[in-house]
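All remarks here apply to the structure that follows.
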Amino acid sequence: KAKESLRGGHCYFTKEMEQETETRFRLLHNLRKAFDGDRLFMMYQPQVSVADGRPVGVEALLRWRTEDGAMIPPDRFIPLAESSGLIIHLGEWVMRTAMLQLRRLQTQTTFNLRMGINVSMAQFRHPEFLGVLDRAIAETGVDPSNIELEVTESIAMIDRLAVSRTLSSIAERGVKIAIDDFGTGFSSLSYLERLEVDRLKIDKSFVDKLQGDTADPRLSEMIVNLAKDLDLEVIAEGVETDEQLEWLKKINCDEAQGYFFARPLEETWLIEWLREQEQRLL
Ligand code: C2E
Ligand code: MG
Ligand code: MG
Ligand code: MG
């Protein structure tokens, strides 16, 4: 009897897996089609100074709009693009699109903005990565010091020598590096000290705690202090309320990003938002 139920369980499992493989396969097929058919586009979320809300940059965030108008979030298709190798072309397109957008923004606003571009691990480790970066910079004519690549802490867990070499090469070009979702990966702090990075992005999960009667600013504050000790800049992600912003001021966090200031916006709305900020700060 036990054997029977075991086998039953096994069959069920296999069918589930088969279905999942099929779903992934179909999704990947559709993703390639979407990429070729211009159904992928970028949105840009403002980043501001905590002190006065002055815009300091934007983060480029990838979007997929299907033919029936539905939006598929990047968390669902980026991992798929990564495991299939599509991320290399897709990542190159993202880089160029964001850089061209920055050049356009620079003619449309008086703020000196930087452009944050997410780079996944597979892209970062690809042998052509620096070549792709150089070509994108050269062909878009963007100032490298206004570009900030966002990588997650997990890159610090892989081949350390190769990673620190790549980071140094990026720094040589004047391009900035931010560690995204900082605090969730727990890489060794002594290792972090030796890496050439410019900014820590405090993960939203810590920012969520700067809220309510049971607010707990300890981890956010630790990250801010760590950044200061290491001479790094620091930005808080996922700021949704006034109360969170007040905490960030109290713990001396430099910059913030989140729905409280602005959601990710398409170009037209981004420019409109920037104009409003210019009016406000005049
Ligand atoms: P991330 O780089 O940590 O981006 C921040 C995410 O938080 C974005 O989600 C953004 O829309 C969301 N967010 C910002 N402010 C708030 C807030 O106040 N509240 C809440 N609830 N969420 C907020 P999104 O756009 O869905 O992107 C998810 C992740 O997908 C990104 O996390 C990044 O890891 C990845 N991703 C997005 N675009 C790209 C891309 O072009 N290339 C690569 N490799 N990865 C990307
Ligand atoms: Mg990011
Ligand atoms: Mg993040
Ligand atoms: Mg994230």
Side-chain angles (χ1 to χ4, degrees), residues 27 30-31 34-35 37-48 55-66 69-82 86-106 108-109 111 113-124 132-133 136 140 142 146-155 175-182 184 198-205 207-208 235-240 255-274 277:
L27 194 63
N30 289 340
L31 176 59
F35 185 34
D38 293 329
R39 303 220 130 259
L40 300 186
F41 64 101
M42 306 305 298
M43 287 201 154
Y44 301 90
Q45 186 177 35
Q47 301 176 328
V48 305
V56 290
V58 297
E59 177 177 6
L61 295 160
L62 188 58
R63 294 288 180 268
W64 173 3
R65 191 162 17 218
T66 63
M71 288 274 227
I72 305 183
D75 287 332
R76 265 198 73 201
F77 65 87
I78 295 279
L80 196 63
E82 279 208 289
L86 180 63
I87 193 70
I88 303 305
H89 286 294
L90 187 53
E92 181 166 7
W93 177 82
V94 164
M95 225 180 239
R96 282 163 184 269
T97 305
M99 287 180 184
L100 287 172
Q101 178 68 79
L102 179 62
R103 296 232 42 196
R104 282 203 299 278
L105 283 180
Q106 281 165 337
Q108 283 159 320
T109 169
F111 300 118
L113 301 174
R114 57 170 192 267
M115 175 65 71
I117 302 175
N118 290 286
V119 169
S120 70
M121 182 126 99
Q123 263 177 290
F124 186 86
V132 166
L133 178 64
T140 62
V142 83
N146 285 326
I147 297 300
E148 184 165 272
L149 303 180
E150 298 193 1
V151 296
T152 59
E153 249 181 310
S154 53
I155 64 142
V175 172
K176 306 278 169 31
I177 292 277
I179 308 273
D180 210 343
D181 307 339
F182 187 78
T184 56
D198 300 278
R199 190 183 316 277
L200 303 181
K201 295 194 80 175
I202 305 175
D203 190 68
K204 180 177 185 301
S205 58
V207 176
D208 287 344
I235 183 169
E237 286 194 285
V239 178
E240 293 178 346
E255 296 180 0
Q257 172 181 354
Y259 295 171
F260 180 67
F261 307 99
R263 290 185 172 252
L265 303 166
E266 285 186 70
E267 178 174 23
T268 326
W269 299 112
L270 174 64
I271 290 163
E272 184 141 317
W273 183 86
L274 288 167
Q277 303 311 306

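For reference, positions follow the sequence shown, starting with 1.
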Problem set entry | side chain to side chain contact (heavy atoms under 4.5 Å, CB included) between Asn146 and Leu113, intermediate numbers included | CA-CA 7 Å; Asn146 285 326; Leu113 301 174; over 6 Å; no
Problem set entry | Pair Met95-Val132, side chain to side chain contact (heavy atoms under 4.5 Å, CB included): steps then yes or no | CA-CA 9 Å; Met95 225 180 239; Val132 166; 4.1 Å; yes
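Contact annotation: the side chain of Met121 never approaches that of Thr152 to less than 4.5 Å [non-hydrogen atoms, C-beta and beyond]. Looking at heavy atoms from C-beta onward, Asn118 lies in side-chain contact with Leu61 at the 4.5 angstrom threshold. Proximity of Glu59 to Glu150: side-chain heavy atoms (C-beta onward) are separated by under 4.5 Å at one or more points. Within the 4.5 Å cutoff, no side-chain heavy atoms of Pro55 are placed close to those of Phe261.
Qualifying side chain to side chain donor-acceptor pair (under 3.5 Å) partners for Gln101, counting only residues two or more places apart in sequence or in other chains: Arg104, Glu267.
In terms of heavy-atom proximity, Thr97 sits nearest to Trp93 at OG1-O, 2.7 Å. Of all non-hydrogen atoms in Ile147 and Leu102, the two that sit nearest each other are CD1-CD2, 3.9 Å. What you find for Glu153 and Asp181 is that their closest heavy atoms are OE1-O, 3.9 Å. When every heavy atom of Ala236 is checked against every heavy atom of Val207, the shortest pair comes out as CB-CG2, 3.8 Å. Scanning both residues, Arg63 and Phe77, for their nearest heavy atoms gives C-CZ, 4.4 Å.
No option in Val58, Ile202, Ile235, Val239 other than Ile235 meets the side chain to side chain contact (heavy atoms under 4.5 Å, CB included) test with Gln257.
Judged by distance alone, with hydrogens and angles left aside, the side-chain atoms of Glu148 form no donor-acceptor pair with the main-chain N or O of Ala178 at under 3.5 Å. With Arg39 contributing its side chain and Trp64 its backbone, the two residues share no donor-acceptor pair below 3.5 Å. Listed for the Gln45 side chain is a donor-acceptor partner under 3.5 Å among the backbone atoms of Ala262. A distance-only check finds a donor-acceptor pair linking the side chain of Thr140 to the backbone of Ala136 [under 3.5 Å].
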